[in-house]
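Only one structure is covered here, and it is reproduced in the block below.
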Amino acid sequence: MNEHKLSNRLMAVAGYVNHLKSFADIGSDHAYLPSYLCLTNPSIHAVAGEIVEGPFQAARKQVKESKLESRIDVRKGSGLEVIKPCEVEGITIAGMGGALIASILEEGKEKLKGVQRLVLQPNNSAWSVRIWLLENNWKLIDEDILIENEKFYEILVAEPGNDQERYEKDREKKLMLGPHLIKDPSQVFIEKWTSEKQNWERVLKALKQGKEQESLIQRKAQIEMKLQFVQEVLTNV
């Protein structure tokens with residue numbers, strides 16, 4: 001992967017912000033995503049944010065070698081502290097855990113003023129991100145799911161707006177599986193949740209052989225609820 005050829009995961013993320021005039025890539029690592037977008041679209045300007053010194057220096061080197069210093073500002077800092085309110089139209093956060101992405105958004109809420117689009121790619125716990133979006137008046141306008149190097153990745157695209165009506169029915173199921181993804185389940189979606197279902201069934205079988213402790217009862221109930229959600233969707237495919 002380099003500034004001319006992104007991974008399939010980052011290419012999918014790029015496709016949701018390539019129409020914007022400005023965006024910030026948080027946790028940008030080598031700044032491949034902003035470099036690629038600036039090289040392919042001459043009207044885009046970007047901020048590449050990175051908290052770790054090594055990746056920060058790698059991003060600076062990448063931007064310099066691509067001769068994009070006038071269009072990509074590499075900044076060192078934690079989360080959204082690298083941008084100002086109303087500075088960018090979009091924000092991308094990719095390759096982190098869902099809980100971490102949600103915490104970054106929560107801690108930097110005041111920096112989201114003026115932002116028109118969030119493109120978020122959690123490596124796990126996508127439901128954590130969906131909950132944050134729902135509770136903070138961000139409307140989930142699209143979702144994608146793909147597999148790369150035998151790992152499943154979900155991409156969530158949100159814009160400012162109230163999304164409460166979407167979750168009036170089957171709230172927990174939609175937060176877990178994705179309201180857009182369950183409407184038209186792709187083959188990748190089916191593969192992911194079939195695999196998860198098989199894992200949960202194995203765990204549940206082991207738990208049923210244990211003693212009836214309160215913690216185990218709660219754990220079994222949680223797994224049974226997840227299994228029911230997945231089964232309901234897969235049965236209708």
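Quick note: residue numbers are just sequence positions, from 1. Values below: all heavy atoms of this structure, side chains included; hydrogens, waters and symmetry mates excluded.
No donor-acceptor pair under 3.5 Å is formed between the side chain of Asn149 and the backbone N or O of Lys151. In this structure, the side chain of Ser35 does not engage the main chain of Tyr32 through any donor-acceptor pair within 3.5 Å. Between the side chain of Asp144 and the main chain of Ile155, no donor-acceptor pair closer than 3.5 Å is present. Asn123 places a side-chain N or O within donor-acceptor distance of the main-chain N or O of Gly95, the cut-off being under 3.5 Å. Listed for the Asp142 side chain is no donor-acceptor partner under 3.5 Å among the backbone atoms of Val157. Put simply, the side chain of Thr40 gets close to the backbone of Leu37: a donor and an acceptor are under 3.5 Å apart.
Using a 4.0 Å cut-off between charged side-chain N and carboxylate O, Lys76 and Glu53 make a salt bridge. In summary, Glu201 and Lys205 do not engage in a salt bridge, as defined by a charged side-chain N under 4.0 Å from a carboxylate O. By the 4.0 Å N-to-carboxylate-O rule, Arg117 lies close enough to Glu159 to be salt-bridged with it.
Taking all atoms of both residues into account, the shortest heavy-atom contact from Lys139 to Asn162 is CD-O, 4.1 Å. Residues Phe229 and Met176 come closest through the heavy atom pair CB-CE, 3.9 Å. Taking every heavy atom of both residues into account, Val230 and Trp193 meet most closely at CG1-O, 3.7 Å. Shown here for Ala59 and Val74, the closest heavy-atom pair between the two residues is CB-CG1, 3.8 Å. Taking both residues in full, the closest heavy atoms of Phe189 and Leu177 are given as CE1-O, 3.6 Å, listed atom of the first, atom of the second, then distance. Smallest separation of non-hydrogen atoms from Lys111 and Glu81: NZ-CA, 3.3 Å.
Going from atom CG of Leu105 over to atom CD1 of Ile93 covers 4.5 Å, rounded to the nearest 0.5 Å. Annotation: the span from Ser22 atom OG to Arg71 atom CZ amounts to 12.0 Å, rounded to 0.5 Å. With rounding to the nearest 0.5 angstrom, the CD1 atom of Ile190 is 10.0 Å from the CD1 atom of Ile145. Distance CG/Leu146 to CZ/Arg9: 8.5 Å, rounded to 0.5 Å. In this structure, CG in Leu33 is found 4.5 Å from CZ in Phe23, a value given to the nearest 0.5 Å. Residue Ile141 holds its CD1 atom at 7.5 Å from NE2 of His180, rounded to the nearest 0.5 Å.
For the residue pair Glu135 and Asn137, no side-chain donor N or O sits within less than 3.5 Å of a side-chain acceptor on the partner. With no hydrogens or angles considered, a side-chain donor-acceptor pair links Ser66 and Gln62 at under 3.5 Å. In the model, Glu224 has no side-chain atom that pairs as donor or acceptor with a side-chain atom of Gln228 under 3.5 Å.
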Please lay out, stage by stage, how Glu143 and Arg166 fare under the test salt bridge (charged side-chain N to carboxylate O under 4.0 Å, His left out).
-> CA-CA 14 Å; Glu143 296 176 298; Arg166 186 194 308 277; over 6 Å; no
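Of the candidates Lys197, Glu196, Arg202, Arg202 is the only one forming a side-chain hydrogen bond (donor to acceptor under 3.5 Å, both in side chains) with Asn199. Under the side chain to side chain contact (heavy atoms under 4.5 Å, CB included) test applied with Ile26, the options Ile51, Ile101, Val47, Val82 reduce to a single match, Val82.
For the salt bridge (charged side-chain N to carboxylate O under 4.0 Å, His left out) test, no residue two or more places apart in sequence or in another chain qualifies with Arg171.
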